[in-house]
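Throughout, a chain's letter reflects where its sequence line sits, starting with A, and its residues are numbered from 1. Just the heavy atoms: all of them, side chains too, but no hydrogens, waters or symmetry mates, feed the values below. Only a predicted model underlies this, so the values are computations on that prediction, with no experimental measurement involved.
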Protein chains: 2
Amino acid sequence: MAKTARTRGTYHVGNLAPQLLSAARAMLDEVGLAKLSLRAVTERVGVSSTAAYHHYANRAELVAHLAVQGFNELAHAMADRDPQAPDDEKLRQATLAYVRFARANPALYQLMFGTELGGSAEIPELKQAREASFGELKKIIAELLGKDVQSAEVRTAALAGWSYTHGLASLVIHNVLPADDERHVDRTLQGFDYLFKARSAG
Amino acid sequence: MAKTARTRGTYHVGNLAPQLLSAARAMLDEVGLAKLSLRAVTERVGVSSTAAYHHYANRAELVAHLAVQGFNELAHAMADRDPQAPDDEKLRQATLAYVRFARANPALYQLMFGTELGGSAEIPELKQAREASFGELKKIIAELLGKDVQSAEVRTAALAGWSYTHGLASLVIHNVLPADDERHVDRTLQGFDYLFKARSAG
DNA sequence: ACCTGAACACCGTTCAAGT
DNA sequence: ACCTGAACACCGTTCAAGT
């Protein structure tokens with residue numbers, strides 16, 4: 001594929017797809033998803049407004065690819081944990097990494113779970129990338145519970161953990177809670193303790 | 001020829017604001033937030049495309065008022081619980097009502113926590129309506145914990161509960177989980193049991 | 001194969017003008 | 001005060017044409 005040389009001023013840029021994607025990614029954080037237009041993205045890259053259609057079916061597909069990138073980064077962030085730490089500390093670290101990712105990339109995070117991806121934009125890569133993120137969480141929980149990753153307990157606990165973490169991240173992003181990720185994670189974990197003590201006491 | 005069809009064709013409809021709001025609400029579930037245009041809403045109501053600007057500052061403000069309506073309905077749904085039930089069953093019922101609301105009004109629910117509301121659209125009514133919903137949850141948890149609604153324990157536990165419930169609702173809406181709300185609620189609650197047993201065991 | 005330019009059917013928003 | 005119509009600056013998407 002030796003189309004490497006970047007010839008300036010030619011009509012044929014080559015390698016356009018990733019350039020469009022990264023331009024879109026940059027603009028996403030600047031203007032938000034609603035105002036992210038194909039025309040603005042192409043202009044930023046320096047091609048005509050219709051050039052994107054040779055690489056993405058439409059705007060929705062470009063957006064879907066942004067989501068794929070997001071899920072991949074998220075999985076990576078969760079995977080990057082201290083192998084020496086005790087199991088429950090690993091879970092705490094992954095939760096923190098998750099919330100930090102959401103906080104650092106609010107527009108992208110919302111897009112990943114946003115309405116824009118419904119139905120037709122459900123590209124196979126997207127489902128796969130999302131499952132990979134979920135799988136990372138399952139791994140941690142499997143270690144914590146001392147059960148097989150495939151087991152029902154792990155699946156169920158991972159679901160609970162994902163619900164919790166996603167909800168927390170969403171609330172943090174929307175400034176329903178003031179800043180400081182670490183504190184929120186610890187406080188909500190503490191909150192669950194209260195709740196479950198009360199439940200088992202009842 | 002102008003549009004003559006308007007029986008009793010007064011140019012002055014009066015009461016336009018609520019009509020626009022309910023038209024928008026109806027269309028929201030049909031076409032989604034991204035495609036909800038002021039022009040389409042006004043056409044549906046039968047007024048000129050610019051009429052909305054005399055009642056809402058702009059599209060964002062109309063959307064914000066939809067969110068307010070959503071939070072009010074959500075608070076109402078959570079408040080409508082069996083006063084005879086034991087405390088932890090009340091919590092379960094409120095969680096179920098929450099998830100059902102989200103499932104029944106996916107576009108509205110997403111809008112309520114969506115990116116569209118950031119910053120300038122943060123109308124005072126919105127914050128107030130959101131706090132009312134949160135307050136409903138706090139009431140239930142205060143009873144469950146047997147503490148004052150103002151206490152730190154209740155606030156913290158409510159935060160955890162809200163994170164969990166919101167996360168679960170989001171995942172259900174996005175079909176990350178297949179249908180059946182009741183099962184998910186019970187399964188995830190079960191999942192938390194696994195998690196916390198493991199944590200306190202470690 | 002990859003990209004452009006014109007064209008079409010939409011948008012949100014402003015503003016002068018009508019009632 | 002409440003609403004309209006024209007106008008402006010945008011959009012996404014299609015298509016014939018250029019390289």
Could you check how far CG of B:Leu36 sits from P of D:dC11, rounded to whole Å? 20 Å
Rounded to whole Å, please give me the gap between CD in A:Glu43 and C1' in D:dC10. 12 Å
Provide, to the nearest angstrom, the distance between the NZ atom belonging to B:Lys35 and the P atom belonging to D:dC11. 17 Å
If you measure only the distance, is there a donor-acceptor pair under 3.5 Å linking the side chains of A:Tyr194 and B:Thr156? no
Rounded distance (Å) that lies between atom P of D:dC10 and atom CE of A:Met27: 13 Å
Who is the Watson-Crick or G-U wobble partner of D:dC10, with both distances under 3.5 Å? none
Figure out the CG/P separation between B:Leu20 and D:dC2, and round it to whole Å. 13 Å
Using purine N1 to pyrimidine N3 plus N6-O4 or O6-N4 for Watson-Crick, or N1-O2 and O6-N3 for G-U wobble, each under 3.5 Å, what pairs with D:dT4? C:dA16
In whole Å, what is the span from the CG atom of B:Leu38 to the P atom of C:dT14? 11 Å
Does the base of D:dG5 carry an N or O that pairs as donor and acceptor with the side chain of B:Thr50 under 3.5 Å? yes
Can you confirm whether A:Gln150 is buried at CD, in the sense that more than 12 heavy atoms of other residues, nucleotides or ligands lie under 6.0 Å from that atom? no
For D:dC11 and A:Ser37 - does any side-chain N or O of the residue sit under 4.0 Å from the phosphate oxygens OP1/OP2? yes
Starting at CG of A:Asn15 and ending at C1' of C:dC2, how long is that distance when rounded to a whole Å? 13 Å
When you check the phosphate oxygens OP1 and OP2 of C:dA1, does a side-chain N or O of A:His55 lie under 4.0 Å from one of them? no
Could you pick out which residue, B:Arg39 or A:Arg59, lies toward the 5' side of DNA chain D when each is mapped onto its nearest nucleotide? B:Arg39
Tell me whether B:Glu125 at atom CD has more than 12 heavy atoms from other residues, nucleotides or ligands lying less than 6.0 Å away. yes
Nearest whole Å is fine: how far is C:dG12 P from B:Glu61 CD? 15 Å
Short side-chain N/O contact to C:dT4 OP1/OP2 from A:His54, under 4.0 Å: no
Considering only heavy side-chain atoms of B:Tyr53, the closest of C:dT14, C:dC11, C:dC3 is C:dT14
For the pair A:Tyr109 and A:His166, name the ring-plane relationship: parallel under 30°, tilted 30 to 60°, perpendicular over 60°. tilted
Look at A:Glu131 together with A:Lys138 and state whether they make a salt bridge at an N to O cut-off of under 4.0 Å. no
